[in-house]
Visitor: 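Submitted below is the structure of interest, expressed as structure tokens.
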Amino acid sequence: MVNGSAPAKMLTVNGRQGKKLKEASRKLPQQQQQVNHSETNGKVNEAVKKEAGKGCNGLVREVNGQDGQVNGIEGNESSKKSGNVPQRKNGYKKSPQPHSAAQPVPETIVHSDVSPQEICEENGHTNQQEQNGEQDSDRPPCSLHSLPLIFFCLSCNICICETCALHDETHAEHTFKKVATIYETKLEAVKHEFALVTTYLEETKKVIDSVERNIDLIKASKARKLQELSRLLHSEAEGIERQINRKLSVLQDQKDSVANEVYRVRSAYKRLERELNACPKQDLLVRDSEFVKRCSQLIEKPVESFVYQPVAADLECDFIPEFRSEIFNVKDYQAIEPIEECRTSDVLYDVVGFGWRLHAWKSDHLSVTLMMTEGVSGRYEYCIELLHGADPSRSIKLIHIDQFELHRSGPVHDLIENERLVEEGFLSEYSDSLQIKFSVRPPTIVAKSRYQQEYIDQSRKDNINEYDSNIITICNIRDPTTSIVLSKQYTDTVGSRWRLNVYPKGNNTNCRYLSTYVELCDGVAGRYQYIVELLHNDPDRQVKFQSEDDFRVGEIRGYQKFIRVKRVLEEGYLNDDGSIYIRLSIRPATLALRCQYQEEYQTLKEEKLLFQFNSQLSQHLTKIRTLREENSSLQSIAYPEYNSNIFVMRNFGSLRQNNEDICSDNSYDDLGCCWRLIVFPNGDKEGQDEWLSVYLRLLEGIPGSYEYCVELLHNDPIKTVKMEGTQTFEIQERFGWTKFARLDMVCASGFINEEHDSLYFRFSLRPPNYKAKCEYQQLLKVDAKRENEMLKRYDQLMVNAVHGKCYILYPFRELIPAYSTITYTLRNFSEMQQKEGFVYSDPLVDDLGFTWRLLIYANGHNEGRGCHLSVFLILFEGVTGSRFEYRVELLHRNPLANIKMEGVNVFKLKKIWGWPQYIHHDRLRDEGYLNEDDTLEFRLSICPPDIKLKCEYQQEFIRKLKESHK
């Protein structure tokens with residue numbers, strides 16, 4: 001079976017034809033042996049050639065010695081053209097062939113898809129490859145036929161020669177292909193696997209490169225940290241050297257002053273002594289008084305004038321906390337009951353501000369132990385010293401580092417046996433007392449900073465001042481006649497009542513902006529923080545404003561330009577029913593103010609309830625006495641009297657021009673219900689610009705049916721405008737008239753007091769009958785009793801909350817302070833640039849608890865107005881005069897293009913500091929800082945410059961927290 005150059009060509013040998021082929025193959029070698037294969041004459045018997053040609057389907061090959069191609073197809077034609085047989089170059093063995101007569105070879109029929117021409121071409125191609133060196137010349141030939149292995153049997157998975165493929169029964173009906181073809185296929189598969197291995201090695205190399213880069217970054221970070229630490233240590237060493245030089249300078253000055261005087265006296269003394277020795281006896285008898293006088297004059301300064309002022313040998317080191325000490329005087333020591341009685345020292349406050357007490361008791365030894373009364377758990381270094389009054393060198397000192405827990409005693413130490421106290425002089429025989437000095441400190445500056453941070457975190461958690469939030473639905477936003485929408489009032493945890501005033505068409509903004517204002521309706525006046533948020537389905541598009549203001553009852557604070565009306569209508573803030581959702585969050589400015597306001601509200605509530613109850617009680621008693629005197633039949637139909645209130649609306653013209661409404665003060669009727677009159681000087685809804693609109697609202701009390709009478713007063717009682725009737729009122733719902741009186745009539749008929757530009761209203765209310773009044777009074781009593789019980793419970797909860805403590809421990813991570821970072825996205829930059837406004841970023845609360853914000857002017861500020869973006873940094877809460885490292889970055893898609901401003905500065909509380917010309921507007925757009933959604937991204941990073949300043953700021957912050965807590 002021969003598989004030609006085409007992959008599907010096969011040669012099949014089977015049946016009878018296969019038998020003839022086998023016989024021809026057996027006869028062919030015998031006939032070939034008879035051929036004279038002499039190299040001299042090169043002649044071949046033609047009969048043998050013919051028979052051999054028939055055995056191969058008449059195919060005889062002749063090899064051209066120059067190019068290795070096969071010529072001739074028929075055996076007879078080949079033998080005629082070539083008289084000599086050239087030397088074989090295809091791997092046949094060279095063996096001499098004997099001369100023999102040609103014998104007939106039976107004809108063999110072979111069914112094959114491979115033509116003789118293709119076989120000849122294949123053989124020629126194989127020989128050409130061998131001569132050109134493309135095929136391996138060292139490959140061994142076929143072991144059976146010594147022919148080249150030019151085919152590959154796919155069934156046996158071995159290389160075979162042409163004869164094996166054509167005549168060998170082993171490969172009958174097998175499939176085989178050219179060696180060159182299968183070689184290329186298998187070589188391609190191996191190369192593909194090699195490529196996978198190469199790709200794998202490249203990918204693993206990338207991983208190794210990434211790891212190596214990370215290693216390099218870590219090493220660089222290590223070098224940077226070591227450099228910073230070295231700089232700090234070098235700075236500390238310089239500080240210690242300056243302290244030593246200063247102390248030695250003081251002592252050297254003292255020494256020099258004494259040494260100079262001693263040198264002067266000694267020199268004069270030696271001169272006087274030489275004169276005395278050289279003086280004859282006769283002269284000495286005369287000059288003795290002179291020598292005595294001169295000797296006495298040598299000492300100009302007495303010894304007492306040379307005062308030795310000792311200098312403390314301790315050196316201050318910021319990296320080693322100092323000891324804080326306390327001396328504990330144990331009095332009447334002999335009177336202490338052994339083991340049963342324990343003496344306790346006063347509180348010692350260490351450098352962190354934590355409290356410590358020393359406990360001492362008597363057994364066979366003097367035993368002491370330390371206890372932490374205030375602070376955070378951790379390891380502390382302490383020194384306990386039993387002082388010796390006469391000889392300080394004999395004092396007994398213990399220095400240890402141990403773990404301490406809050407309100408738990410530390411290790412017990414036995415200082416000395418009781419008998420030795422008197423024998424060695426530690427116990428005073430006169431006062432029966434002894435002194436123990438104890439000192440405490442954190443072991444390292446890192447521990448000190450960590451404990452301070454944990455204490456700050458504890459205090460911050462104990463001083464949580466949460467917002468009281470309420471989501472308000474504002475309706476009728478699309479209604480062009482709606483000038484103001486007042487939300488329902490809600491009560492915060494302090495007890496104050498608040499509401500939101502919304503101007504859908506703005507407050508003096510030419511209908512371009514929606515205005516929002518917060519109003520304190522009732523409660524405790526003071527300083528409050530409030531947040532107004534316009535909600536959206538996408539949290540990133542919510543509009544949020546936060547501020548802090550002083551509020552009085554009835555005053556409003558807020559934002560005239562809260563958001564453009566166009567944005568509300570087009571950007572999805574408006575619901576299907578034409579309403580919007582606004583979240584209002586309010587809280588007192590500090591926790592201390594919250595507690596103060598709660599106490600004030602409780603006092604006001606009690607006084608108000610007591611006043612109302614007493615007034616109602618006196619009124620009820622008076623009316624009961626009156627009613628008892630009247631006929632019982634008249635009592636059932638008697639009407640209560642009206643309770644009237646006068647409301648003066650000032651600045652009528654200004655209110656009308658500004659399209660504002662105004663509310664009266666809270667007014668109380670006989671039952672104690674709270675009422676308010678609301679007036680729209682320029683009209684409301686359908687009465688806009690033509691009518692005066694007036695409404696009544698029941699703010700607090702008993703909902704039900706009431707008789708009302710609302711009057712617009714005139715000097716002439718006949719012209720007074722009056723509206724009266726009976727109406728059912730609900731809490732916080734208003735009732736009234738959009739067309740109360742025509743404005744032209746009000747202005748022309750003398751209702752306005754020209755001197756004060758004011759209008760006068762009188763509104764009166766009462767229950768419809770005496771029976772309803774009694775029912776309302778009974779309900780008020782029940783409500784008052786319930787409120788008193790709730791206030792008492794609330795007071796008890798507040799007392800427990802104020803005195804309760806909870807601690808959370810956060811470990812200090814490293815010696816070098818880390819940056820606290822926040823990223824802020826400034827939205828709608830182009831719109832902000834046009835409206836000449838500014839915006840605050842979200843607050844950044846750093847590790848110390850300080851609060852920071854960015855103040856951004858989209859269109860610039862001061863010298864940067866109109867052409868630059870201005871950015872300022874503000875310390876909102878913390879310690880004024882603090883020195884911090886800052887980093888303000890305007891982010892870019894390419895981190896290498898970020899605009900970064902960094903340095904160190906001293907910040908004062910709520911004082912702006914920054915860059916009026918941070919970046920030009922042209923650069924924002926040309927260089928890609930302004931994103932496609934019209935946003936800018938900023939990153940703010942803050943930290944103290946070193947651990948020393950961080951500890952100082954923590955200490956100051958702890959002090960402020962303690963003061964506010966008190």
Side-chain angles (χ1 to χ4, degrees), residues 320-328 330 339 341-361 367-385 398-415 436-465 591-592 595 797-813 847-849 947 950-966:
I320 303 177
E322 62 176 335
F323 274 116
R324 293 289 176 85
S325 303
E326 180 77 18
I327 295 179
F328 177 31
V330 183
I339 301 177
E341 186 178 356
C342 179
R343 299 287 178 87
T344 304
S345 69
D346 295 334
V347 178
L348 164 67
Y349 292 98
D350 60 14
V351 293
V352 186
F354 300 163
W356 301 84
R357 287 183 183 273
L358 185 69
H359 297 276
W361 64 92
S367 302
V368 293
T369 185
L370 268 176
M371 176 182 289
M372 181 191 293
T373 60
E374 181 183 1
V376 294
S377 302
R379 293 180 61 81
Y380 295 86
E381 182 179 1
Y382 60 95
C383 173
I384 301 175
E385 185 176 3
L398 298 176
I399 299 178
H400 290 277
I401 299 178
D402 288 307
Q403 179 75 21
F404 285 88
E405 302 291 336
L406 187 63
H407 301 303
R408 291 190 179 182
S409 299
V412 177
H413 300 282
D414 296 330
L415 294 181
I436 304 175
K437 180 181 178 181
F438 62 102
S439 309
V440 185
R441 71 177 180 188
T444 62
I445 190 67
V446 175
K448 176 183 176 182
S449 179
R450 183 170 68 248
Y451 297 157
Q452 287 175 334
Q453 186 64 48
E454 292 174 3
Y455 191 79
I456 290 174
D457 294 337
Q458 293 173 10
S459 303
R460 289 172 60 185
K461 184 172 182 181
D462 294 340
N463 288 271
I464 293 177
N465 185 20
L591 183 65
C595 299
L797 290 175
M798 287 303 303
V799 171
N800 296 338
V802 169
H803 293 288
K805 292 185 177 181
C806 181
Y807 300 103
I808 298 179
L809 304 180
Y810 294 97
F812 181 80
R813 296 178 178 176
D847 294 337
L848 299 176
I947 192 68
K950 181 175 181 180
C951 294
E952 294 176 1
Y953 299 160
Q954 287 171 332
Q955 190 72 25
E956 181 65 18
F957 200 70
I958 290 174
R959 186 186 64 79
K960 294 181 66 176
L961 288 174
K962 285 186 174 182
E963 291 178 359
S964 65
H965 184 68
K966 292 180 180 179

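Note that these values count all heavy atoms, side chains included, but never hydrogens, waters or copies made by symmetry. Residue indices begin at 1 and follow the sequence shown.
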Visitor: Please report the shortest heavy-atom distance between Gly410 and Phe404, naming the atom on each side.
Guide: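 Where Gly410 meets Phe404 most closely, the heavy atoms are CA-CE2, 3.7 Å.
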Visitor: First locate atom CD1 of Ile384, then atom CD1 of Ile436, and finally report the distance between them rounded to the nearest 0.5 Å.
Guide: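 The CD1 atom of Ile436 is 8.0 Å from CD1 of Ile384, to the nearest 0.5 Å.
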Visitor: Which atoms form the tightest heavy-atom contact between Val351 and Pro442, and what is the distance?
Guide: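 Looking at all heavy atoms of both residues, the closest pair is CG2-CD, 3.7 Å.
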Visitor: State, to 0.1 Å, how close Cys383 and Phe323 come at their nearest heavy-atom pair, and which atoms those are.
Guide: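 The answer is N-CE2, 4.4 Å.
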Visitor: Atom CD1 in Ile327, atom CG in Leu348: separation rounded to 0.5 Å?
Guide: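 Interatomic distance, Ile327 CD1 to Leu348 CG, rounded to 0.5 Å: 11.5 Å.
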Visitor: Find out whether Glu374 and Phe354 are in side-chain contact, i.e. whether some heavy atom of one side chain is under 4.5 Å from a heavy atom of the other.
Guide: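 With C-beta onward as the side chain, the pair stays apart.
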Visitor: Which atom names give the shortest non-hydrogen contact between Ser377 and Tyr451, and what distance separates them?
Guide: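 Taking Ser377 first and Tyr451 second, the nearest heavy atoms are O-CE2, 4.1 Å.
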Visitor: With sequence neighbours excluded, what pairs up with Phe438 under the ring-ring contact (aromatic ring centres under 6.0 Å, His included) test?
Guide: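 ring-ring contact (aromatic ring centres under 6.0 Å, His included) list for Phe438, sorted by chain: empty.
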Visitor: Which pair of non-hydrogen atoms, one from Pro411 and one from Thr369, has the smallest distance, and what is that distance?
Guide: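 Where Pro411 meets Thr369 most closely, the heavy atoms are O-OG1, 3.2 Å.
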Visitor: If you measure from CG on Leu848 to OG on Ser449, what distance do you get to the nearest 0.5 Å?
Guide: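 Rounded to the nearest 0.5 Å, the CG-OG separation comes to 8.0 Å.
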Visitor: For Ser367, what residues pass the side-chain hydrogen bond (donor to acceptor under 3.5 Å, both in side chains) criterion, not counting sequence neighbours?
Guide: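 Partners of Ser367 under the side-chain hydrogen bond (donor to acceptor under 3.5 Å, both in side chains) test: Asp414.
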Visitor: Can you measure from OH (Tyr380) to CE (Met372) and round to the nearest 0.5 angstrom?
Guide: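 Between atom OH of Tyr380 and atom CE of Met372 there are 4.0 Å.
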Visitor: So Val412 and Trp361, do their side chains get closer than 4.5 Å, heavy atoms only?
Guide: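 They are in contact (side-chain heavy atoms under 4.5 Å apart), so the answer is yes.
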Visitor: Taking C-beta and beyond as the side chain, do Tyr953 and Gln452 meet within less than 4.5 Å on heavy atoms?
Guide: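 Answer no - side chains too far apart.
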Visitor: For Arg441, give me all partners under side-chain hydrogen bond (donor to acceptor under 3.5 Å, both in side chains), at least two apart in sequence or on another chain.
Guide: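 Glu381.
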Visitor: Report the residues that fulfil side-chain hydrogen bond (donor to acceptor under 3.5 Å, both in side chains) with His400, sequence neighbours left out, ordered by chain and then residue number.
Guide: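 So His400 forms no side-chain hydrogen bond (donor to acceptor under 3.5 Å, both in side chains) with any residue.
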Visitor: How would you list, by chain and number, every residue that makes a side-chain hydrogen bond (donor to acceptor under 3.5 Å, both in side chains) with Tyr382, sequence neighbours excluded?
Guide: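 Applying side-chain hydrogen bond (donor to acceptor under 3.5 Å, both in side chains) to Tyr382 gives Asp402, His413.
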Visitor: Taking only residues two or more places apart in sequence or in another chain, which ones pass side chain to side chain contact (heavy atoms under 4.5 Å, CB included) with Met371?
Guide: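 Scan of Met371 (side chain to side chain contact (heavy atoms under 4.5 Å, CB included), adjacent residues dropped) gives His359, Ser409.
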Visitor: Applying salt bridge (Lys or Arg N to Asp or Glu O under 4.0 Å), which residue pairs with at least one partner in residues 342-360 are found, sequence neighbours left out?
Guide: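 For residues 342-360, and leaving out neighbouring residues, the salt bridge (Lys or Arg N to Asp or Glu O under 4.0 Å) pairs sorted by first residue read Glu341-Arg343.
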Visitor: Residues in salt bridge (Lys or Arg N to Asp or Glu O under 4.0 Å) with Glu322, at least two apart?
Guide: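 Once residues adjacent in sequence are excluded, the partners of Glu322 under the salt bridge (Lys or Arg N to Asp or Glu O under 4.0 Å) criterion are Arg324.
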